[in-house]
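All remarks here apply to the structure that follows.
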Amino acid sequence: MNTPLINTVLSLLFIVISGFLFTEVATPFLAILAGLSFLNLFLGKFYKKLNGLIANILAAVCLVALFVLVGVSDTVKLFVSMMLLASSFKLLQAKTVKQYQTVCLLVFFNLSTVYLFHQGLFETLVVSVLYVANFAVLGYLTRPQSFKAANKQSFKTILLALPIAAFLILFLPKLPAFWQLPGPKLAKTGLSEQVNPFSIAKLAESDDLVFRVEQQPGQALQAPYYWRSLIHDEFNGSEWLISDILKSQQFNPIRRAITHNNSIDYQVIAEPSSSNWLFGLGFAQSANSDVFSTYNGLLKRKGNLNKNIKYAVTSSEATLNLTDFEKRIYTRLPKATNPQTTALANQLAAEHEDAQGYFNALLDYFNQQQFTYTLTPTPMYGDNTLDQFVFDTKRGFCGHYASTAAFMFRVAGYPARVVSGYLGGEQTKAATLNIYQYDAHAWVEVFFDEKWHIFDATAVVAPERLNGSLSQLGDLNESFNDNLNFGLKRWSHFKAINWLRIHLEELDYKWTNWVLTFDQASQQSLFDSLFGNKSAWLTPLIVLGTLLLSFTGYFFYNKRPVLSREPLVDDITKLYLWAKKQGIEPLDTNTPLQNIAFIKEHKPTAAVYLNEFEQIIIEVRYQQQSYTQNRKNHVRVLLNSLKTAK
Amino acid sequence: MYKRPAFVNQFRQSVFNKLLKNKHKTNEIELQHKTIYVLPSKLGGQFLLIALLNFVMGINYQNNLILAMAYLMVVVLVFAILTGYKNVRGLSVKYLSINESYAPNAPIARFQIHAQSHCDLIKLVNENLESETVSLQSKEKKTVEIALKCSERGVYGFDRIKIISHFPFGLVSVWSYIEPAETVYVYPQPIALEKLDTQLHDNAEHDGDNAQVKAGNDDFHQLTPFVQGTALNKVSWKHYAKTEQLLTKEFTSDASQELALNFNMLSGNNEHRLSQLCFLVNQLTDQHIAFSLTLPNKHIAKGQGINHQKACLQALAEF
């Protein structure tokens with residue numbers, strides 16, 4: 001058994017799997033995992049294994065490191081890291097074929113856990129390659145002849161098995177989760193529950209996809225797209241938060257009559273996320289069983305944050321009345337903060353008596369006072385940050401404007417709240433919008449005339465921002481790109497790279513839409529469209545029939561190639577086949593030379609070629625000369641000449 | 001180590017016999033669907049367990065990719081079963097021979113494996129004994145040896161030998177049995193006699209002392225080189241004095257009158273006596289001396305040669 005080879009392959013597998021945890025697990029722990037794999041690589045080269053005592057001490061140290069570095073707060077991550085650690089140690093001590101086989105089995109599990117964190121197309125491809133390699137190791141352990149052949153066999157088997165597995169995914173009825181285990185908490189950037197002017201600036205650095213929107217035919221969405229995600233109703237002097245009252249109302253919604261106008265339907269495909277807030281336009285509602293629709297028109301995920309989710313949304317304009325209690329909530333302010341801004345608001349309110357007038361006056365104020373939109377605002381410290389912003393710096397982005405505007409509405413006594421979410425979306429195909437993290441936005445909703453109205457100072461400060469994604473903004477593009485982390489987006493001004501980016505994006509869209517978000521509901525609609533009302537009995541029939549067919553097909557198709565180690569065997573077989581066609585039966589008991597002599601007797605016209613063939617057989621078989629490419633070609637030519645000769 | 005109680009083994013044996021219906025009691029077996037048995041191997045079972053874990057994880061997190069991996073593993077296992085079955089189908093195993101074995105060495109049986117088509121990783125297994133693993137090209141024949149379990153003197157039925165392959169991936173066990181209708185003899189361990197005397201001679205009806213006188217005092221026949229075990233009174237001392245060469249006088253009556261090996265004339269327990277007899281049988285056969293063998297339950301008339309030796313040894317084994 002070639003243990004260094006097996007050790008190397010398995011160690012590399014572990015290194016790649018650990019690499020997948022890079023964003024999720026503390027780096028020092030990953031370093032330990034990588035270190036163990038490299039130790040394996042090193043020891044494997046010299047056919048050595050770790051001494052039992054040292055291994056045990058090392059294992060104890062690593063276990064302590066696991067609990068300290070990974071922690072027990074996220075049980076799934078702890079479990080995944082522990083499995084990986086245990087498998088690495090198993091490999092460190094593996095000596096017999098059986099032990100190596102156990103390591104292989106553990107790798108099958110470790111590989112699946114990668115999908116808890118990543119489900120992208122690229123990651124899937126890499127994991128698939130690792131699967132093939134792992135099967136190859138398993139095959140090689142049973143038949144240690146050639147690792148290349150083992151890889152080939154493994155690849156072939158998986159290639160043939162894949163369509164059947166895909167078929168099973170499509171047609172095997174999807175079971176609901178028996179019991180809900182906690183999912184891993186993903187280390188992903190996203191909106192936070194406090195709007196701090198600086199936090200959204202962070203999001204502008206990320207070009208991660210947040211969600212996609214599929215528009216329905218005939219129901220095109222109208223820009224600007226304000227994708228609502230969270231409502232912040234409490235101002236603490238510097239930050240906007242979600243108050244406990246609002247949180248409790250998620251469970252105890254206020255009942256009231258809401259009239260819905262201008263309803264529009266579309267689908268959203270949300271990426272895995274670290275928080276469970278989803279996205280919708282206006283007053284959004286969803287019938288999806290995994291989505292919770294709140295009473296104020298927001299959408300929330302019920303679980304499974306680590307996976308893509310596709311849900312249908314109905315958005316509408318809601319007409320409603322606020323209760324007095326709500327009015328109080330939405331006009332609450334901390335006492336005696338930001339005196340200058342308060343004074344300004346009172347002054348404007350005195351000039352404009354009605355809500356719409358005040359609304360416009362505020363917009364005009366931001367428009368006329370040389371406020372600028374920037375992704376790199378001047379840092380502000382201390383109390384009364386709003387005063388500093390309004391009267392000193394006048395440079396900021398959505399967070400600043402929203403905070404200030406909502407504050408000023410409340411000073412004037414109008415119910416107002418800050419809403420955070422995303423603004424815009426990149427049109428990829430005719431009907432699809434992509435929304436990235438850098439589209440994160442915050443704005444104000446102010447209540448008058450039985451409606452919540454969107455007030456967005458960005459509309460006047462940087463009007464282009466309303467109609468496109470941040471990436472498409474001319475002036476800001478440069479600072480936007482400078483701000484952005486490494487990613488293809490950053491180089492999208494190169495045509496070739498942009499072309500590549502768009503196609504990869506489209507591929508990823510299809511992957512997400514067809515594979516990742518395929519759930520019980522999509523399966524049911526597939527069954528309905530295929531079999532109609534007969535699906536109850538037709539589905540099991542089709543599943544069984546297809547399985548039976550494909551396994552039978554495999555059984556008959558699966559002719560294993562006969563590897564002939566002896567040179568010239570195949571060629572001599574071909575020669576005999578030809579002879580048989582000519583009506584000459586070579587005997588199995590004869591040597592090839594005897595048979596050739598026999599054929600020559602019956603077919604003197606072919607003697608020229610047969611003599612040459614004979615010569616090569618003598619050279620290769622009897623004089624032990626090597627069967628070179630030259631000779632191979634020669635033999636091929638001879639066989640062809642024989643076939644064409646009359 | 002834990003040892004199964006005997007009745008479990010007996011029960012197992014009877015169930016096996018019932019299930020196998022003597023299908024495998026031949027000296028040559030061709031593996032066809034009636035005689036091939038396929039199950040996931042131990043590794044295959046663990047593999048399925050991992051697939052099940054993946055399945056539960058996939059269901060729990062509603063993760064299609066993990067589910068796909070679980071399904072993929074199961075499909076590969078089914079493929080492995082089909083491939084494994086196809087691998088051994090058409091293989092024929094033929095009992096060739098068994099070597100002579102003396103306790104405490106177990107006999108070694110030789111089988112010829114003949115593959116119809118390419119066939120991977122075949123081995124013979126006899127409970128915990130294993131043969132080498134061989135792979136055969138199409139139409140290739142290979143001889144494989146395997147030790148039998150019996151190592152104590154006696155007569156045994158042939159062990160049921162398992163023909164097994166774990167190809168591919170080691171995930172499946174595809175196996176069959178062959179149980180040649182042959183009797184296996186394990187001869188006693190040969191032990192040299194400490195005391196060489198003439199007790200061996202056929203003198204059961206006399207007392208030992210008289211026998212020495214009686215034995216072959218007829219006409220002088222020839223001189224043969226001395227071999228151990230010959231009575232000293234037959235040595236031609238005259239010759240020895242002249243040439244220092246030990247020669248034995250052979251009398252016509254010696255040549256005609258057999259050496260008689262008798263179980264009762266030897267000392268020690270049964271096994272010891274049988275061992276001594278075994279030694280003598282081999283010695284005499286090597287020296288081309290005819291002899292008869294008397295056991296309490298059997299008498300083998302005077303004879304000589306390989307067949308005679310075999311008959312005697314088998315009688316000793318059967319005792």
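Within every chain, numbering begins at 1; the chains are lettered A, B, ... in the order of the sequence lines, protein sequences first and strands thereafter.
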Practice prompt. Can you label the angle between the B:Phe79 ring and the A:Tyr554 ring as parallel, tilted or perpendicular, going by 30° and 60°?
Written response: parallel
Worksheet item: Are any side-chain N or O atoms of B:Lys86 and backbone N or O atoms of A:Phe555, one a donor and one an acceptor, separated by less than 3.5 Å?
Response: yes
Practice prompt. For residues B:Ala68 and A:Ala165, report the shortest heavy-atom separation together with the two atoms involved.
Written response: O-CB, 4.0 Å
Response to the item:
Value for OG1 (A:Thr142) from CZ (B:Phe169), rounded to nearest 0.5 Å, stands at 8.0 Å
Worksheet item: Can any side-chain N or O of B:Gln62 pair as donor or acceptor with the backbone N or O of A:Leu175 at less than 3.5 Å?
Response: yes
Worksheet entry | Interatomic spacing from OH in B:Tyr61 to NZ in A:Lys307 - rounded to 0.5 Å | 13.0 Å
Discussion item. Let's test your reading of the structure: which of A:Leu138, A:Leu111, A:Val127 forms the most heavy-atom pairs below 4.5 Å with chain B?
Written reply: A:Leu138
Fill in: CD-OG distance between A:Gln101 and B:Ser41, expressed to the nearest 0.5 angstrom
7.5 Å
Discussion item. With a 6.0 Å cut-off (strictly less than), is the heavy-atom count around NZ of A:Lys302, excluding the residue itself, greater than 12?
Written reply: yes
Fill in: Interatomic spacing from SG in A:Cys104 to CD1 in B:Ile50 - rounded to 0.5 Å
11.0 Å
Worksheet item: Can you name the closest pair of heavy atoms from B:Val75 and A:Ala161 and give their distance?
Response: CG1-CB, 3.5 Å
Discussion item. Let's test your reading of the structure: which of A:Asp290, A:Leu172, A:Leu516, A:Ile169 forms the most heavy-atom pairs below 4.5 Å with chain B?
Written reply: A:Ile169
Worksheet item: What part of B:Leu49 is in contact with chain A, defined as an atom under 4.5 angstrom from a non-hydrogen atom: side chain, backbone, both or neither?
Response: neither
Worksheet entry | From CA spacing to verdict: side chain to side chain donor-acceptor pair (under 3.5 Å), B:Asn64, A:Lys174 | CA-CA 10 Å; B:Asn64 286 334; A:Lys174 292 187 100 58; 2.8 Å; yes
Item to complete: Check the pair B:Leu65, A:Val114 against side chain to side chain contact (heavy atoms under 4.5 Å, CB included), reporting the backbone distance first and the verdict last.
Response: CA-CA 10 Å; B:Leu65 297 177; A:Val114 169; over 6 Å; no
Worksheet item: For B:Glu152, does the CD atom sit with more than 12 other heavy atoms under 6.0 Å from it, leaving out its own atoms?
Response: no
Worksheet item: Non-hydrogen atoms of chain A under 4.5 Å away: do they reach the side chain of B:Leu121, the backbone, both or neither?
Response: side chain
Worksheet item: How far apart are the C-alpha atoms of A:Leu116 and B:Met57, what are their side-chain angles, what is the distance that settles it, and do they pass the side chain to side chain contact (heavy atoms under 4.5 Å, CB included) test?
Response: CA-CA 9 Å; A:Leu116 288 180; B:Met57 189 157 72; 4.3 Å; yes
Worksheet item: Just wondering, more than 12 heavy atoms not from B:Lys310 lying within 6.0 Å of its NZ?
Response: no
Fill in: A:Phe135, part contacting chain B, at a heavy-atom distance under 4.5 Å
both
Practice prompt. Could you grab the distance from atom CG of B:Leu77 to atom OG1 of A:Thr157, nearest 0.5 Å is fine?
Written response: 12.0 Å
Fill in: Options B:Leu67, B:Asn63, B:Leu53, ranked by heavy-atom pairs under 4.5 Å with chain A, top entry
B:Asn63
Worksheet item: Using non-hydrogen atoms only, which part of A:Thr124 is less than 4.5 Å away from chain B: side chain, backbone, both, or neither?
Response: side chain
Worksheet item: Can you tell me if OH on B:Tyr156 sees more than 12 non-hydrogen neighbours from other groups inside 6.0 Å?
Response: yes
Item to complete: Drop me the distance from B:Met69's CE to A:Tyr131's OH, to the nearest 0.5 angstrom.
Response: 5.0 Å
Discussion item. A quick test of your reading: do over 12 heavy atoms of other residues, nucleotides or ligands sit less than 6.0 Å from NZ of B:Lys42?
Written reply: no
Worksheet, complete the sentence: One option among A:Ile158, A:Thr517, A:Ile164, A:Thr102 has the most heavy-atom pairs under 4.5 Å with chain B, and it is A:Ile164
